[in-house]
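Worth knowing before you read on, the calculation uses all heavy atoms, side chains too, and leaves out hydrogens, waters and symmetry mates. One-based numbering, in listed order, for ligands and for the atoms of each.
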Amino acid sequence: MPITFNEEKRIFKIDSLDSTYAIGIFEQNFLVHLYYGKKIPDDNLLKLAYRGGFASISPNVAGCSDNEFSLDIQPMEYSCNGSGDFRLAALSIKDSGGHTTTDIRYIGHRIYNGKPKLDGLPSTYCNTDDEAQTLEIDTLDSFTGAKVTLYYTAFKNVSAITQSVKVENTGSEAFEIEKIASCCINLPSMNYNMINLSGVWSKERTVETRHLAHGIQSVASKRGSSSHNHNPFVALVDDCGSEDFGNAYGFNLVYSGNFAIDIETDYFECTRLVMGINPIDFTWVVEPGESFQSPEAVMVYSDCGTGKMSRTFHELYSENLIRGTWKKKKRPLLINSWEGSGFDFDDNTLVRYAKQAKQLGCELLVMDDGWFGYRNRDDSSLGDWYVNENKLKGGLKSVIERVNAEGMEFGIWYEPEMISPDSDLYRAHPDWCVHIEGRPISPARQQYVLDMTRKDVRDNIFGQMYDVLSKNHIAYVKWDYNRAICEAGSMQLDKAHGKEFFHRFILGTYELMDRITSAFPEILFESCSGGGGRFDPGMLYYMPQAWCSDNTDPIERLTIQFGTSMCYPASAMGAHVSASKRAGIKTKSAVAMAGTFGYELDPNEMSEEDKALVKTESEKFHKYYNVIHYGELYRLIAPTDDEFKCAWSYVAKNKTEALVTVIIKNNTPHRFLHIRLKGLDPDKMYRDNDTDEIYSGALLMNAGFNFTDGGLEMGDSIVKYFTQA
Ligand code: GLA
């Protein structure tokens, strides 16, 4: 049983594959966190919460018989605002009198097989009910009537637990949720390094590591999307831990809107992490009888550093987050027109792309931005999703037929949540964009944002997209989102509900994505946001892959893709070979092959020599597809750790093959390239497919492999394929 309740000690023990999470019901029915870490067989954990006496300045709980019990010192399982716990709160509810004291107590629980869906929100799921167990703990704030249910699901095949929270108003007056976290984690030490993924457009998700310090450290977004700047991911790793050693805890929010992950270390030198919707610019009114569901938090535990943590995330997301036809299906080798042609293309350009790309081994042509309305630059037509026949002569059907006749599938670009001020849609419905009556609207990339909180707006966009997608043979859609939201307001939200805007926006986006992807289950969808500005698990629930970054330089991509690999699998990482000059086709391909792989260049402009190389690399894509996409990632040398090189490998789950990639980032005087491999079976023998030399897994992992090759320079790479001998 992954989840048990010890009636006598009043302890919940939640076991996933190799982790245990435990909660106790204490004095006056308070829920107190007891343990999170490596799996343990027993639950004699009560003493772990004991922190000795407390200063008289800390409030004692009213009516409490134990005068050593104060919420100020306990590791509260789901901390509340205003009732004596002065550290980070997970929940704050404003009552009808305007007070924000919140106080929840245990009232009951249920344990069952499987995992419930979250209303209107993306979440991990079970393929079969015996894959996981769920614990629902009901608590009540008797003053407001807020019934707060904590949902925990433990997966049996991976060391992952998910948590979400639902608040129901069982009282007789409305209240407002001012803050609702999806999880609240307490760890009994502050000796951790915090790893987060920070960035900017064109340099997303760079791994950043810092030691926890007293006070609060946080990552967050207020932009309306998860953002280029901070990913909704944080790991806490033992301060003596690393890629392969030590306890590592990974936290990821399944949400694409404004989020906050706050970590506080307190006066006991203990750590509390609270992750959820960003409370800035958020409140939610809950009328009697109504309820509110939080997004889902994913928590992964590893006893062997961040490497194993990442592999667990990859496994969970590949099996239990990504859905639909393309979940495990081999993705097509695509070529995208954007970097090659920008807005400057017509029907003949596309057919030329298709003809040439087919010969290079491509399978699908993606027509990017610029095919609709009268869009020839980025200053018009978003919202007018009908084909520009001046550009695509004969219409969309005709160009698709011509591309298909070349033996290529066809894909198309959309930016459904946006509207250009210069568009028919805006002229017809100026009130449909996000704005505040009377305030000027700030454009970004010369566009406004559509008010996705409105059903009429979503219906219109759905109708326009449905029309194109249902009447044409379209195999792929790139769903872009190219600006942040300011002057956040909707004509349809009154004063009391104004601060619900951001969450309603993302719920609206999810609803539209759900409708479109359900109506066209055979289409492969890729999300995008000015590169990788919305690369999060929420998006992956609807679309199995996301464009990683507009930066396609293979050297800079190393940092971006390494960071992304902290929690997202290769099959989700959009990566293309472009015309970028810092390396040749071979190295650019080796880097893009750590993701979905494809091309983003004009094939007609390539030299004959490059075309020949592309053909070879396209063949490698097929040859190595299984080991990369269904195997496991072992990061060998991080680009941030080594000035000169970067290396990683994919190892098949049954350990019969391994693909090792080494990239030279800089010219180096050190030419000795000795690397110890990881993840092999020490008892198996492996053949180096270039030389036919045979080595044991034990030798390759302990003695290592000598990749030294006399003339290596910046931009060079080595790709080694080992198969079981
Ligand atoms: C964004 C995307 C690009 C491309 C352009 C088109 O920047 O990230 O890949 O689609 O929009 O305008």
Checklist entry - What ring-ring contact (aromatic ring centres under 6.0 Å, His included) pairs are there with at least one residue in residues 447-478, not counting sequence neighbours? => result Tyr426-Tyr448, Phe462-Tyr466, Tyr466-Phe520
Checklist entry - Just checking, any donor-acceptor pair under 3.5 angstrom between side chains of Trp413 and Asp480? => result yes
Next on the checklist: Go through it in stages, so that I can follow the logic: the residues are Tyr510 and Tyr542, the test is ring-ring contact (aromatic ring centres under 6.0 Å, His included), and I'd like the CA-CA distance, side-chain angles, deciding distance and then a yes or no.
Outcome noted: CA-CA 8 Å; Tyr510 285 151; Tyr542 299 100; 5.2 Å; yes
Checklist entry - Is the closest side-chain donor-acceptor distance between Thr564 and Arg205 under 3.5 Å? => result yes
Item to check | Amino acids contacting ligand 1, non-hydrogen cut-off under 4.0 Å | outcome: Trp338, Asp368, Asp369, Trp413, Arg445, Lys478, Asp480, Asn482, Cys528, Gly530, Gly531, Trp547, Asp550
Next on the checklist: Checking the side chain of His576 only, and the main-chain atoms of Leu601 only, is there a donor and an acceptor separated by less than 3.5 Å?
Outcome noted: no
Checklist entry - Are the side chain of Glu204 and the backbone N or O of Gly531 linked by a donor-acceptor pair below 3.5 Å? => result no
